[in-house]
Protein chains: 2
Amino acid sequence: MTVDRGTRPARRAVPSSRPPGVDLAHASDGGEESAARPVPEATVARLAVYLRVLTSLLADGRGTVSSEELAAAAGVNSAKLRKDLSLIGSCGVRGVGYDVSRLTAEVEATLGLDSPHAVALVGVGNLGHALAGYGGFAQRGFPVAALFDVDPALVGTVIDGVEVQHADAIDAVCAARGVTIGVVATPAEAAQRVCDHLVSAGVRSILNFAPTVLSVPAGVEVRKVDLAVEMQVLSFHVARRHGTVSAAGPAAPSRPTPREVFSR
Amino acid sequence: MTVDRGTRPARRAVPSSRPPGVDLAHASDGGEESAARPVPEATVARLAVYLRVLTSLLADGRGTVSSEELAAAAGVNSAKLRKDLSLIGSCGVRGVGYDVSRLTAEVEATLGLDSPHAVALVGVGNLGHALAGYGGFAQRGFPVAALFDVDPALVGTVIDGVEVQHADAIDAVCAARGVTIGVVATPAEAAQRVCDHLVSAGVRSILNFAPTVLSVPAGVEVRKVDLAVEMQVLSFHVARRHGTVSAAGPAAPSRPTPREVFSR
DNA sequence: AGTTGTGAAAGTCTTCACAGCA
DNA sequence: TGCTGTGAAGACTTTCACAACT
């Protein structure tokens with residue numbers, strides 16, 4: 001998926017003089033020693049992957065892991081992994097490796113997974129419905145706190161214990177339930193409007209499945225998941241014949257020309 | 001989504017001396033002037049986005065666009081867009097802009113969308129089912145040619161005109177139907193096995209929704225979509241208080257500590 | 001006057017390779 | 001001896017800014 005880190009406003013101006021990335025430093029009210037270690041965006045995404053591996057190691061009762069092993073399981077190179085971990089201030093033990101449970105806790109803390117984030121899902125159509133029933137969300141600390149749609153046939157129905165409400169209620173309900181993350185799974189046409197409502201309800205992080213670029217004010221983070229883009233990137237590689245033929249004839253012979261139609 | 005370009009083997013050795021990216025040059029049998037212009041991976045992903053915008057412009061009957069306008073609609077900066085387009089050899093007209101229909105064709109050709117790619121979807125569970133019924137696939141030139149699962153309750157059912165077959169038939173069916181792209185939407189445990197079958201059936205591009213790293217031989221392209229990772233990255237930003245509070249109280253007060261459980 | 005195409009500069013991320021510690 | 005932590009080098013991207021063309 002094209003994981004476009006959506007709008008990344010106001011950043012241009014800084015002529016830079018210090019490494020990039022997101023400042024840690026909890027911006028806590030008391031201005032302690034804000035040494036603020038920056039964590040690169042790229043690293044943040046990988047931390048989530050490491051966490052998955054760590055969790056299963058933990059379940060297996062493993063006490064320690066080497067950077068080599070953890071890296072292999074996460075599909076990255078070990079130097080990168082070590083650098084990533086060093087950035088969040090973790091410390092492994094030279095000659096031994098990393099303590100699995102401690103590292104797990106450290107990564108969770110960095111990702112802000114110490115407390116759950118209530119999620120609002122807007123658009124309970126095909127994809128939205130699947131996401132709502134996904135289960136993975138709740139299990140991983142992202143309980144679905146609210147569902148919205150505009151279809152009268154859907155409003156009022158209950159999915160996995162959560163009632164679908166009319167999209168008009170987004171502002172009120174999200175604010176009331178302390179929603180911190182919004183998921184947009186509506187058709188492209190409705191996405192921006194929905195997004196605006198979420199933002200006005202105080203939501204600062206949005207996961208966008210709609211095939212549109214959402215514009216949001218500074219301070220709001222948007223991540224985009226676009227299946228069509230993923231497929232097209234793969235298509236590109238097929239066309240470049242990544243690794244010549246093997247089994248099966250040289251793929252399907254020509255057929256009528258398709259055409260970008262639209263999506264969702 | 002963490003858009004991990006999966007395994008990217010054998011590339012290390014090259015001390016490099018030429019710009020990066022994927023060589024164009026159709027590797028056609030006749031060795032014509034293989035000037036081979038490389039297209040960076042990052043550019044490929046954006047081309048798909050541009051294409052979406054172009055398509056809707058085309059539908060609106062627009063004749064030309066400026067890089068400025070196209071870039072804005074795609075959510076990127078105009079210099080980047082111009083550079084991207086210059087890489088695929090497109091030519092706009094100075095002082096005027098780009099010809100919408102010509103550019104559309106050019107981008108489609110570059111992405112290999114001239115002919116449809118038969119897609120096989122493995123795992124017709126929650127998410128898989130939604131994807132199968134998605135519609136967006138077929139409309140965009142990626143007809144779902146085969147569906148697979150191991151659940152006896154699903155095998156034999158028909159979704160959107162395609163019958164679900166047992167996963168054991170992957171090799172035979174994919175080869176027979178000329179499948180070029182595989183989508184893995186199974187639980188993590190089954191993903192690698194399924195992947196191996198797809199590869200042995202000649203599939204060279206895989207979109208992986210399962211929360212595991214797939215290992216594939218060189219020449220096979222894997223892209224990964226991981227919802228949990230996306231959510232966790234957003235969580236990170238929430239924790240960093242991207243843009244201080246606004247409406248709604250300071251989000252939900254602390255609650256019991258969650259825990260990475262697993263996904264799918 | 002308006003807009004593309006692009007060299008060069010700046011930024012960001014990855015990888016190497018090795019010192020340093022257990 | 002084994003493995004982490006990290007400076008420095010390298011690879012890849014983005015952005016600037018302007019010449020070139022209509």
Side-chain angles (χ1 to χ4, degrees), chain A residues 2-5 8 11-22 37-47 50 63-72 74-100 102-103 106, chain B residues 2-5 8-22 37-47 50 63-72 74-100 102-103 106:
Chain A
T2 292
V3 173
D4 235 343
R5 205 168 316 87
R8 177 163 38 169
R11 182 97 105 78
R12 187 99 47 86
V14 186
S16 177
S17 56
R18 218 174 30 118
V22 181
R37 205 186 294 84
V39 178
E41 287 284 336
T43 292
V44 174
R46 284 190 299 263
L47 286 177
Y50 304 154
T64 59
V65 236
S66 67
S67 63
E68 203 63 60
E69 183 182 354
L70 189 49
V76 305
N77 129 348
S78 69
K80 181 149 62 181
L81 178 134
R82 286 200 300 279
K83 183 147 283 183
D84 284 342
L85 295 186
S86 79
L87 288 171
I88 68 172
S90 86
C91 37
V93 180
R94 296 176 198 232
V96 179
Y98 298 89
D99 179 274
V100 175
R102 183 174 160 211
L103 185 53
E106 208 125 6
Chain B
T2 292
V3 174
D4 238 341
R5 206 168 318 88
R8 177 164 38 169
R11 184 95 107 77
R12 187 101 45 86
V14 186
S16 177
S17 57
R18 219 176 27 120
V22 181
R37 207 187 294 80
V39 178
E41 286 285 337
T43 293
V44 174
R46 283 190 298 264
L47 287 178
Y50 304 155
T64 60
V65 235
S66 68
S67 62
E68 202 64 60
E69 182 182 356
L70 188 49
V76 304
N77 131 347
S78 70
K80 182 149 61 181
L81 178 134
R82 286 198 301 279
K83 183 146 282 185
D84 284 342
L85 295 186
S86 78
L87 288 172
I88 68 172
S90 84
C91 38
V93 180
R94 296 176 197 233
V96 179
Y98 298 89
D99 179 274
V100 175
R102 182 171 163 216
L103 185 53
E106 207 123 7

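Just so you know, these numbers come straight off a predicted model, no measurement behind them. Below, chain A is the first sequence line, B the second, and so on; all start at residue 1.
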Nearest whole Å is fine: how far is [N] [atom2] from [X] [atom1]?
X       : N      : atom1 : atom2 : result
A/Asp84 : C/dT12 : CG    : P     : 17 Å
B/Glu41 : D/dA11 : CD    : C1'   : 14 Å
B/Leu70 : C/dT4  : CG    : C1'   : 13 Å
B/Lys80 : C/dT4  : NZ    : C1'   : 18 Å
B/Leu81 : D/dC16 : CG    : P     : 15 Å
A/Asn77 : D/dC12 : CG    : P     : 14 Å

Item to check | By side chain to side chain donor-acceptor pair (under 3.5 Å) - contacts of B/Ser67 (at least two apart) | outcome: B/Arg82
Checklist entry - Any side-chain heavy atom of B/Leu70 within less than 4.5 Å of one from B/Leu103? => result yes
Checklist entry - Do A/Ile88 and A/Asp84 have side-chain heavy atoms sitting under 4.5 Å apart? => result no
Just to verify, what does [X] make a side chain to side chain contact (heavy atoms under 4.5 Å, CB included) with, not counting sequence neighbours?
X       : answer
B/Val93 : B/Val96
A/Arg94 : none
A/Glu69 : A/Leu57, A/Arg62, A/Val65, A/Ser66

Checklist outcome for this item: Readout for nucleotides 2-7 of chain D: B = base within 4.0 Å of protein heavy atom, S = sugar-phosphate only, - = neither; 5' to 3' it is BBBBBB
